[in-house]
Amino acid sequence: MSSMTQNSALSNDKLLLFFPKDPDTEWIKKTTTQYPGLEVRWINSVKEDGTFVNEKDLPADYWEDTTLLFVDYLPPPAELISNVRFVQLAASGADAWLGHPTYLRKETIFSNASGLYSPQIAEWVIGTWLMNQRQFLKYQNQGDRGPGPFSNVESSYKLRMGILGYGSIGRQCARIANAMGMEIYAYTRSERKTPESRKDNTYRQFCVPGTGDPEGIIPSRWFHGASKEDINTFLAQDLDILVISLPLTKDTENVISYKQFEILRKKRTFVSNVARGRHVDSQALIEALEKGQIRGAALDVTDPEPLPKEHPLWNAPNVYITPHISWITKDVWNGGLQLLETNLERLNNGEPCINYLTRSSDT
């Protein structure tokens with residue numbers, strides 16, 4: 001951060017932090033010192049029993065005149081944040097905000113946390129992939145060689161990873177897989193023909209050197225397009241693992257369904273979904289697993305979510321499911337606060353925010 005500003009452009013603002021962490025008085029003191037006149041309120045959005053705080057149950061003055069908002073994922077009711085001019089999401093995805101009046105208001109600046117969780121999510125992708133390839137669960141705690149055949153264990157070397165959505169998460173997956181000797185194919189909605197267009201400009205590249213693919217040089221081939229036909233062409237590239245890391249929109253819902261699993265059948269592609277559950281048709285996935293069209297699946301997200309105990313996906317073969325926790329580490333919120341600090345400074349200086357979200361309402 002820069003030195004203390006005497007005439008803060010944020011002096012008439014009220015910042016509300018509403019996310020699952022107890023208030024940090026030192027952080028509040030530092031921030032209000034940095035920006036004289038800025039008022040800061042901080043609410044832990046999760047109760048001691050693990051249930052979520054209902055925004056409407058809080059005293060009205062917690063929300064009154066809030067102009068800057070830091071929030072985990074789910075949007076507060078529109079009437080509580082009618083004066084908000086800046087929203088910093090602690091999540092990478094903004095799908096929960098689609099259709100929300102605040103999100104549709106073009107005057108309100110939105111920034112997401114793209115890049116913030118890439119290292120840990122990529123570890124989850126690679127970890128579950130290796131668990132499947134090396135059959136860790138099958139052979140754990142066996143004192144001898146265990147049952148054969150061992151020929152089913154396969155190295156990742158020279159196998160091909162296809163990344164559907166080459167953003168910050170996909171780029172970190174690519175970096176690790178490339179170090180393991182895998183070939184990377186990347187898919188983006190828009191064409192990335194030039195070296196400049198292939199660069200990454202997300203938050204992670206500003207803060208953690210040595211992660212991701214900042215220059216976009218790891219993939220050996222790039223694919224693009226918005227149609228199902230374009231995606232099907234990508235899926236037909238003999239992929240050994242497909243990593244789904246797309247944003248969820250009306251165009252990407254059920255982007256992987258029956259036809260796509262038929263295409264993946266050729267290589268019995270392993271499917272890893274760390275984006276949103278609704279990217280994948282759950283019934284089609286179950287059938288693909290039961291028929292052996294794919295060798296397995298790792299899901300940190302499901303549809304529905306959370307997945308009911310009686311849902312048939314739990315009983316499908318060769319599937320590994322976790323409850324949307326691939327992004328979590330013990331210090332996960334520190335990065336979010338750093339991103340917020342960076343964008344507060346940019347707001348104060350009249351500069352564009354990092355990870356600014358362009359919406360359809362923008363002109």
Side-chain angles (χ1 to χ4, degrees), residues 1-19 21 23-43 63-73 75-76 81-94 97 100 102-118 167-168 196-197 199-212 214-215 331-363:
M1 275 193 170
S2 61
S3 59
M4 186 176 70
T5 304
Q6 293 299 322
N7 296 310
S8 169
L10 308 181
S11 61
N12 294 320
D13 282 296
K14 178 178 175 180
L15 168 65
L16 175 63
L17 297 92
F18 187 71
F19 69 114
K21 181 178 174 63
D24 183 335
T25 55
E26 288 299 316
W27 188 92
I28 294 173
K29 180 180 178 181
K30 178 183 70 172
T31 302
T32 53
T33 300
Q34 178 75 19
Y35 306 108
L38 174 65
E39 183 180 350
V40 177
R41 289 187 182 274
W42 184 322
I43 305 168
W63 300 97
E64 286 178 358
D65 302 322
T66 294
T67 56
L68 313 175
L69 178 65
F70 178 81
V71 66
D72 178 16
Y73 173 62
I81 54 174
S82 59
N83 295 314
V84 166
R85 68 183 185 93
F86 168 74
V87 177
Q88 176 66 66
L89 299 177
S92 298
W97 287 79
H100 192 280
T102 306
Y103 192 75
L104 296 176
R105 192 169 61 224
K106 65 180 181 179
E107 294 83 6
T108 305
I109 299 169
F110 272 78
S111 168
N112 71 359
S114 178
L116 197 60
Y117 311 114
S118 305
S168 58
E196 184 64 29
S197 69
K199 291 183 178 181
D200 186 12
N201 61 354
T202 56
Y203 172 74
R204 180 56 53 183
Q205 304 310 322
F206 286 89
C207 298
V208 183
T211 64
E215 301 299 319
D331 59 351
V332 66
W333 298 115
N334 292 341
L337 289 173
Q338 291 174 6
L339 177 55
L340 175 61
E341 291 172 6
T342 300
N343 276 336
L344 286 177
E345 184 171 19
R346 286 174 171 254
L347 284 171
N348 186 63
N349 295 336
E351 300 171 346
C353 289
I354 292 175
N355 287 355
Y356 171 78
L357 289 176
T358 301
R359 286 100 73 197
S360 58
S361 58
D362 292 339
T363 56

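What's counted below: heavy atoms across the whole structure, side chains too, no hydrogens, waters or symmetry copies. For reference, positions follow the sequence shown, starting with 1.
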Is any side-chain heavy atom of [Y] closer than 4.5 Å to one of [X]?
X	Y	value
C353	L347	yes
L69	L17	no
I81	H100	yes
L15	V40	yes
N334	D331	yes

For the atom pair [atom1] ([X]) and [atom2] ([Y]), what is the distance rounded to the nearest 0.5 Å?
X	Y	atom1	atom2	result
N348	D13	CG	CG	9.5 Å
N112	Y73	CG	OH	12.0 Å
D65	R41	CG	CZ	10.0 Å
L38	L68	CG	CG	6.5 Å

Would you sort out whether I109 and N343 count as a side-chain contact (heavy atoms from CB on, under 4.5 Å), showing the intermediate values? CA-CA 11 Å; I109 299 169; N343 276 336; over 6 Å; no

Heavy atoms only: give me the nearest [X]-[Y] pair and the separation to one decimal.
X	Y	result
V71	P76	CG2-CD, 4.5 Å
L10	R85	CD2-NH2, 3.5 Å
F70	G336	CE1-O, 3.6 Å
Y35	S8	CB-OG, 3.4 Å
A113	S92	O-OG, 3.5 Å
S111	I354	OG-O, 2.6 Å

Using a strict threshold of under 4.0 Å (side-chain N to carboxylate O), is an ion pair present between K14 and E64?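 A salt bridge is absent here (no side-chain N lies under 4.0 Å from a carboxylate O).
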
Go through the steps to decide whether L340 and F86 satisfy the test side-chain contact (heavy atoms from CB on, under 4.5 Å), and finish with yes or no. CA-CA 11 Å; L340 175 61; F86 168 74; 4.2 Å; yes

Under 3.5 Å, side chain of [X] to main-chain N/O of [Y], donor-acceptor pair present?
X	Y	answer
T31	I28	no
T66	L16	no
W333	A90	no
N355	S114	yes
S11	G37	no
D24	W27	yes
D200	P214	no

For the aromatic rings, using the six-membered ring if either is Trp, is the centroid distance between W42 and F19 under 6.0 Å?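 For W42 and F19, the ring centres are under 6.0 Å apart.
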
Quick check, are the ring centers of F110 and Y356 under 6.0 angstrom apart?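 Here the rings of Y356 and F110 have centres that are no less than 6.0 Å from each other.
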
Considering the options T342, N349, L344, which one meets the side-chain contact (heavy atoms from CB on, under 4.5 Å) requirement together with R346?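 Passing option: T342.
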
Go through it in stages, so that I can follow the logic: the residues are T102 and R105, the test is side-chain contact (heavy atoms from CB on, under 4.5 Å), and I'd like the CA-CA distance, side-chain angles, deciding distance and then a yes or no. CA-CA 5 Å; T102 306; R105 192 169 61 224; 3.7 Å; yes

Check against side-chain contact (heavy atoms from CB on, under 4.5 Å), Q34 and E341: CA-CA 10 Å; Q34 178 75 19; E341 291 172 6; over 6 Å; no

Got a sec, which residues hit salt bridge (Lys or Arg N to Asp or Glu O under 4.0 Å) with K199, two or more places apart in sequence or on another chain?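 Expected list: E196, E215.
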
